[in-house]
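What follows is a single structure, written as structure tokens, with notes after it.
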Amino acid sequence: VLDRIDELAGSGAKTHDLSGEVAMFRGFCLFYQNEAARALKYLEHAMDRVSLTDVEFRSIIEVHFVLATQMEGQMKRATRAANEWLKTRSPLDPLTETRLLVALTFVSYLAGDLEGAERHIPRQRKVAISHGLDNATAWCDYLKGLSCLQRGELDEAIRLLEAAGKRKYFLFTRAAADALGALALAYQANGQPEQAGATMRSLREFAAYLGPLFNPLADAYAARLALMRGRPEVAVRWLETHTSPPAESMSFWFEIPCVTWCRALIAEGSATGLRDAEERLRVYADQNEAHHNTCQLIGILSLLAIACQKQDKPDEARATLE
């Protein structure tokens, strides 16, 4: 579609009237394909072409510029840019303000800095509520809920993820589905299996509403919940009846289906399965190291240590944990 737009615009494709919007979409797509350096080139072009008064497009460009810059290992530059935009623009549109604050939260969360991530949420929530921005309010609940879940503060995580789930039709779709799945796991961890099951059914219904692209996420959450319940046969059946999920952009999501596939391989426990899990997890660890994604790297290395230990490689397991 983007190529067709450029084609219709004629020979000056890089400078036509819609070139800024086209560059934004190209940068957006490249970012979620883990090609941050290429994404930044398009996003920088988009910033040159899209006016500050075009709040919707401009704020999306700036959020993904911040995220792509962080992915390239330039966290200071990413945070400096977002903070500069927050300070120097007057008046600051509330949509832009909440999105820049979300971007700063993302950057800290990806760096494994939960306290830094939570620092921006109160301001974001205040602006969102005062201007009736349900999407931004839902982001506050989701991100703070994930932070609490990572720390094992289960009651607070459940309260916040429930609130995010109630706004699932306002929230970015992938985040809304992730919030429901994380809520199911939080209930299970908190000794509330009935609520976990009911929430899992809600996720299934939501995924069916969204379309087939979201079924793999729901399947992965179901497998993960089964493992928490001590029912590895459910996860093994998933391995036997489905194809391996692709290695997607892992970002800050709580559930990554290709990583949970490795959880299931470890639970299956055969020599072939454990070797496959180890090989996959080493690739994912290298990818997240390269993308400066400490958030996902911690979980992946923890699983890799278990895979090594189950293959009678205690020294490798210990080194991986360290």
Charged N to carboxylate O below 4.0 Å: is that the case for Arg99 and Glu62?
no

I'd like to know whether Leu143 forms a side-chain contact (heavy atoms from CB on, under 4.5 Å) with Ile121, so could you lay out the CA-CA distance, the side-chain angles of the two residues, the decisive distance to 0.1 Å, and finally the verdict.
CA-CA 8 Å; Leu143 291 170; Ile121 292 177; 4.3 Å; yes

Between the side chain of Asp178 and the main-chain N/O of Glu255, is any donor-acceptor distance below 3.5 Å?
yes

Exam field: side chain Asn135 to backbone Phe170, donor-acceptor pair closer than 3.5 Å
yes

With rounding to the nearest 0.5 Å, note down the distance linking CZ in Arg58 to CZ in Arg89.
5.5 Å

Okay, side chain of Gln33, backbone of Glu35: is any donor-acceptor separation there less than 3.5 Å?
no

Please check this pair: side chain of Thr96 against backbone of Leu92, looking for a donor-acceptor N/O pair closer than 3.5 Å.
no

Assess whether atom OH of Tyr32 is packed by more than 12 heavy atoms of other residues, nucleotides or ligands within 6.0 Å.
yes

Neighbour count above 12 (heavy atom, 6.0 Å) for Glu194 CD
no

Report, as yes or no, whether the 6.0 Å neighbourhood of atom CG on Asp17 holds more than 12 heavy atoms from other residues, nucleotides or ligands.
no

Taking it one step at a time, do Tyr42 and Phe31 satisfy side-chain contact (heavy atoms from CB on, under 4.5 Å)?
CA-CA 10 Å; Tyr42 283 106; Phe31 171 76; over 6 Å; no

Quick check: do Ile129 and Arg125 have side-chain heavy atoms less than 4.5 Å from each other?
yes

Arg231, CZ atom: more than 12 neighbouring heavy atoms under 6.0 Å
no

